[in-house]
Asker: 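Okay, here's the structure, questions in a sec.
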Amino acid sequence: MSEHPQTDAATTAPESTEATYDASAMEAKWRGVWDRLELFVADDESPREKKYALTMFPYPSGDLHMGHAEVMALHDVIARYWWLRGYEVLNPMGWDSFGLPAENAAIRNDEHPATYTYANIETQYESFRRYGVSFDWTRRFNTSDPEYYKWTQWLFTQLYAKGLAYRKNSPVNWCPVDQTVLANEQVVDGACERCGAEVTKRELTQWYFRTTAYAQEFLDGLDDLAPTWPSKVINAQRNWIGRSEGAHVSFDIAGHEPVKVFTTRPDTLWGATFMVVAADAKLAADLVSDEQRQALEDYLVEVRKASDIDRLATDRPKSGVDLGITATNPVTGEQIPVWASDYVLADYGTGAIMAVPAHDQRDLDFAKVFGLPVRRVVDTGEENPEETYVATTGNGVYVNSGPLDGLADKSEGIRRAIELLEADERGTGTVNFRLRDWLLSRQRYWGAPIPIVHCAVDGEVAVPVEQLPVLLPELKGADLKPKGTSPLGGATDWVSTTCPTCGGPAQRDTDTMDTFVDSSWYFLRYVSPHDATRAFDSELADAWGPIDLYVGGDEHAVLHLLYARFFTKALRDLGLITWDEPFTSYLSQGKVLNQGRKMSKSLGNGVNLGDQLAEFGVDAVRLTLVFASPPEDNIDWADVSPAGSLRFLQRAWRLSGDVTSEPGVDVTTGDLALRKVTARVITDASTLVESHRFNVMVARTMELVNAVRKAIDSGCGGADPAVREATETVAMLLSMVAPYTAEEMWERLGHQPSVARVTWPVVDQALLVEDSVTCVVQVKGKVKGRLEVSPDISDSELEALALADDAVQRALDGQTVRKVIVRAPKLVSIVV
RNA sequence: GCCCCGGUAUCCCAACCGGUAGAGGAAGCGGUCUCAAACACCGUCCAGUGUGGGUUCGAAUCCCACCCGGGGCACCA
């Protein structure tokens, strides 16, 4: 760094020769003081009302960056605000320290993943301390500590006992680069969310959490969260859960069990002219005729060659194979052919559909390719899909539909169709979800081992709590190289164990858990982080939880947030907590960009946090991030001005040197105009912080600083008690954003530390009342006159005054007044 | 294709329930201070709210359609 703008004040500022604003000196000074005072250690026994503020804990890859700086700055406004408002605040921090980057680094450097992990944690810890966030560091832990993952494993066994964790064989997402399976949520546009590699499918036996058990509850919960969660996140979760209402319909097949399909349009059953089953489902192999068996197998080879990315292209031509059998349409009695295709998904619904080509474009495309019959059963008034090959999906009049004929309402048609199906037991109304169970096992090393033992006699046995944690075997370097099966399998001594039930020889499960499992319950561990006897103290969880405000990035909108909701509901059902939702309100912060783009090495537009902190100081960087925009908007570093922030902080700080009255002076004798500004700003600030409009809160603080400056220079002067009151208010408000500057101001104002723990002032309501307000007089909706009136003027008085006004009379120009709308004291609208 | 969110000065952003479009900042311009500059301080310019309709005495705000940007879901039957 070449310049020190923060020391420039030294060369001038004649009025304060004794002091200069020196960011780095302030940072060094106050860190020590704050540590001594233990300002932010949450007291479980405190009689004060409790608040739980949480921000997503980081993964320890390298040092903190701009993104961290932003979340922490925003989050800290709320946490510090709650302290000022007299709450006992739990604001903990730790590390989400299992995960692949450490493992990959270990392979590269021939070391243990812990080396990389714990070194980075120490670096980040130091940066956090310097950044001045009000964390309670006494509660710090890492998810890779055995003391923590012991309880991750224990919770797994509890879910297992409850039937919420299970193993099954099915086609799963496989990342060929990371050499591990992935959850559905970790596949984005057919690619691995972590490394970007194209995901393929493999048939494997894997562990799952039964997230679908709570599908409806997840959805219902969103309604309650809607007022306090961003609509973006609510929307993303709703889409992800993907509820759809419809019916299961049974189709008879000669020589086979009836085949059930799921449809959202049971009303179009009369137009179902063929059936399609997922080519890769077991059902297809079961159904296929001997003559067509080879054809199906050949087709399957084709299908498997296509990647998920190919499959995502919805405009891909339809393909499929005739299974050589027929099914009976349950309402028309017709024999309809059964086909297999990859456009039907094996793991959604029943893996089989009834095809209604006239009213579903996909079915129609398929019918067109294979020359299958199309029959219109709903006349929507549009052109006939049998001719146009454009499916019609809207409301219309039912035709060729037996009992539905003549009906003209879709939802009524669906209702009646379900009734009919249920009456002769050929189908039932049902609800289907897009949400799948959470695949949690991973074939990697640096995670919590799945605490299950496989015994020839007793089968799967959960490791009992006395034998937990199942510690990771000591592996490093080349032992960790991905080879498609879990590295733990290579630790043969570790794998061989005894069955907890029968004592006979048995094998440990060699998979580890997805690191999202670790972070699905960490907020509970913080309430009793050092408890060696249980995962967490349920009473304390009740006392502190649920989390009053959770702050994080919206890249976790479905992943982490949904998983945490799952754990919360599961643990509630296990009787461990009493709440239904983990995060009462959620604030998702935008990203920090540069020049309109995401910062990246390849674009060369990265902004290094350390450099910014060195150049402008912690406070100026924090202020910049908070002031730049509403928290949820992206910030473009090219659009903001840390130098401007620094200038403002110096300006505010300078005020504290210009206050010449003594601490504790009677402020009620102070300059009324300034006191009113102060009162207004304090009042607004609480509303603004509570509604997360931190940028506006900062603007209000700037306004107050401007007002004080003016009062000192050309108003009541620095000795006026109102100037002290206002400056102290500035210090308090700034303590939420720029804690070092605020603390320094507080000290210069003659107070003992710390301004972070002062009590938010009670505003004298009388100061909020204006002496006079400007009333606007509109004629035909246009502003024609202004009146200075008393705020408690009556409607009739105001009306008389307005009509008497010269400018208004001129505007009326003798026209007859038809109506006068009066909103005292601010507005009169005259209609002519 | 379906679903959410947004579009206000040169830029980042304010505007409670529909009631004077501007709080704050950045950039610009002018001035005071200075030998000069930087800093500081003072002042000042700049939009009628994406487009088109509608409701209303009155619309940035509510309704409809469209355009643009961001996000979610997507061969999910």
Side-chain angles (χ1 to χ4, degrees), chain A residues 5 8-15 189 230-242 244 246 261-265 268 276 311-316 318 341-345 347-356 359-363 365-366 393 432-436 554 557-558 590 623-624 627-630 632-636 638-641 643-645 647-648 650-651 654 681 684 687-688 691 693 695-706 709-710 713-714 774-783 785-786 818-821 823 826-832:
Chain A
D8 287 351
T11 56
T12 55
E15 81 282 1
D189 292 335
S231 54
K232 203 185 199 180
V233 177
I234 298 274
N235 182 246
Q237 291 215 2
R238 281 216 177 97
N239 286 339
W240 186 258
I241 296 163
S244 57
V261 303
F262 174 72
T263 176
T264 55
R265 292 297 303 274
T268 61
V276 187
R311 291 193 56 151
L312 284 170
T314 49
D315 53 358
R316 209 162 54 101
K318 293 281 180 287
S341 172
D342 65 352
Y343 88 89
V344 173
L345 307 178
D347 59 350
Y348 180 77
T350 63
I353 61 150
M354 63 179 215
V356 184
H359 306 297
D360 183 291
Q361 192 60 47
R362 297 158 300 188
D363 297 344
D365 292 342
F366 192 82
T393 57
N432 224 316
F433 294 94
R434 210 197 63 93
L435 181 73
R436 313 295 208 272
D554 46 19
V558 283
L623 179 74
T624 303
F627 180 55
S629 70
E632 55 279 0
D633 288 7
N634 290 339
I635 296 172
D636 194 327
D639 290 335
V640 297
S641 169
S645 298
R647 224 178 296 144
F648 164 71
Q650 290 171 331
R651 202 169 134 83
R654 226 179 293 121
V681 170
D684 287 355
T687 317
L688 290 165
S691 55
R693 286 177 291 165
N695 56 326
V696 187
M697 185 273 285
V698 171
R700 284 282 181 287
T701 309
M702 289 173 167
E703 209 178 322
L704 184 57
V705 168
N706 292 344
R709 184 77 262 158
K710 201 165 231 165
D713 291 349
S714 56
T774 307
C775 173
V776 176
V777 186
Q778 298 177 338
V779 177
K780 287 199 283 188
K782 297 262 187 318
V783 179
R786 281 154 215 267
R818 301 209 342 244
K819 197 173 170 191
V820 181
I821 292 132
R823 295 279 180 276
K826 298 198 70 170
L827 180 121
V828 175
S829 184
I830 299 166
V831 190
V832 293

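Sequence lines set the chain letters: A, B, ... in the order given, protein chains first and strands last, and positions in each chain run from 1. The basis for the numbers below is simple: all heavy atoms, side chains too, and nothing from hydrogens, waters or symmetry mates.
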Asker: Residues two or more places apart in sequence or in another chain: which of them pass ring-ring contact (aromatic ring centres under 6.0 Å, His included) with F627(A)?
Answerer: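 Residues passing ring-ring contact (aromatic ring centres under 6.0 Å, His included) with F627(A): none at all.
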Asker: With sequence neighbours excluded, what pairs up with N695(A) under the side-chain contact (heavy atoms from CB on, under 4.5 Å) test?
Answerer: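 With sequence neighbours excluded, N695(A) shows a side-chain contact (heavy atoms from CB on, under 4.5 Å) to P630(A), R693(A), given in chain and number order.
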Asker: Rounded to whole angstrom units, what separation is found between the CZ atom of R651(A) and the P atom of G24(B)?
Answerer: 10 Å
Asker: Mind checking if R818(A) touches a base, just sugar-phosphate, or nothing, with heavy atoms under 4.0 Å?
Answerer: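 No contact at all - R818(A) keeps every heavy atom at 4.0 Å or more from the nucleic acid.
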Asker: Return the nearest nucleotide to the side chain of D639(A); candidates are G24(B), C11(B), A77(B).
Answerer: C11(B)
Asker: Does a side-chain N or O of K710(A) approach OP1 or OP2 of G43(B) to a distance below 4.0 Å, or not?
Answerer: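 Checking G43(B) against K710(A), a side-chain N or O does come within under 4.0 Å of OP1 or OP2.
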Asker: For nucleotides 4-10 of chain B, which of its nitrogen or oxygen atoms have a protein nitrogen or oxygen under 3.5 Å away, and what is each distance?
Answerer:
unit_1 : atom_1 : unit_2  : atom_2 : d
C4(B)  : O4'    : N235(A) : ND2    : 3.3

Asker: Can you tell me if the side-chain N/O atoms of S244(A) get under 4.0 Å from OP1 or OP2 in A77(B)?
Answerer: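 Checking S244(A) against A77(B): at least one side-chain N or O falls below 4.0 Å of OP1 or OP2.
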Asker: Please pick, from A77(B), A40(B), A14(B), the nucleotide with the shortest atom-to-atom distance to any side-chain atom of V344(A).
Answerer: A77(B)
Asker: Report the distance from atom CD of Q361(A) to atom C1' of C2(B), rounded to the nearest whole Å.
Answerer: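 In whole Å, C2(B) C1' and Q361(A) CD are 15 Å from each other.
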Asker: Compute both the distance and the angle, then confirm whether K318(A) meets the cation-pi test with F366(A): under 6.0 Å from the six-membered ring centre, within 45 degrees of the axis.
Answerer: no
Asker: Can you identify which nucleotide, out of A26(B), G25(B), U20(B), has its nearest atom closest to the S641(A) side chain?
Answerer: A26(B)
Asker: Which nucleotide, C13(B), C75(B), A74(B), lies nearest any side-chain atom of Y343(A)?
Answerer: C75(B)
Asker: Taking salt bridge (Lys or Arg N to Asp or Glu O under 4.0 Å) as the definition, give me every residue that meets it alongside D684(A), ordered by chain and number, with sequence neighbours left out.
Answerer: R680(A), R700(A)
Asker: Can you tell me which nucleotide in A74(B), G72(B), U20(B) comes closest to the side chain of R434(A)?
Answerer: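 Among A74(B), G72(B), U20(B), the one nearest the side chain of R434(A) is A74(B).
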Asker: Can a salt bridge be assigned to the pair K232(A) and D554(A) using a cut-off of 4.0 Å between side-chain N and carboxylate O?
Answerer: yes
Asker: Looking at the side chain of F262(A), which of C73(B), A77(B), U20(B) is the nearest nucleotide?
Answerer: A77(B)
Asker: Check whether any side-chain nitrogen or oxygen of N695(A) sits under 4.0 Å from OP1 or OP2 of A14(B), and answer yes or no.
Answerer: yes
Asker: Taking only the side-chain heavy atoms of T263(A) (C-beta and beyond), determine which of A77(B), G72(B), G24(B) contains the nearest atom.
Answerer: A77(B)
Asker: Has R436(A) got a side-chain atom pairing as donor or acceptor with D347(A)'s backbone, closer than 3.5 angstrom?
Answerer: yes
Asker: I'd like the C1' distance from U56(B) over to A23(B), given in whole Å.
Answerer: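 Between the two C1' atoms, the distance is 28 Å.
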Asker: Between the protein and nucleotides 55-64 of chain B, list every N/O to N/O distance that falls short of 3.5 Å.
Answerer:
unit_1 : atom_1 : unit_2  : atom_2 : d
C57(B) : O2     : S829(A) : OG     : 2.6

Asker: With sequence neighbours excluded, tell me which residues meet side-chain contact (heavy atoms from CB on, under 4.5 Å) with R823(A).
Answerer: I821(A), L827(A)
Asker: Considering just the side-chain nitrogens and oxygens of R709(A), establish if one lies under 4.0 Å of OP1 or OP2 belonging to A40(B).
Answerer: no
Asker: Could you tell me whether N706(A) contacts a base, only the sugar-phosphate backbone, or nothing, with contacts defined as non-hydrogen atoms closer than 4.0 Å?
Answerer: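 Counting heavy atoms under 4.0 Å across all strands, the contact made by N706(A) is with sugar-phosphate only.
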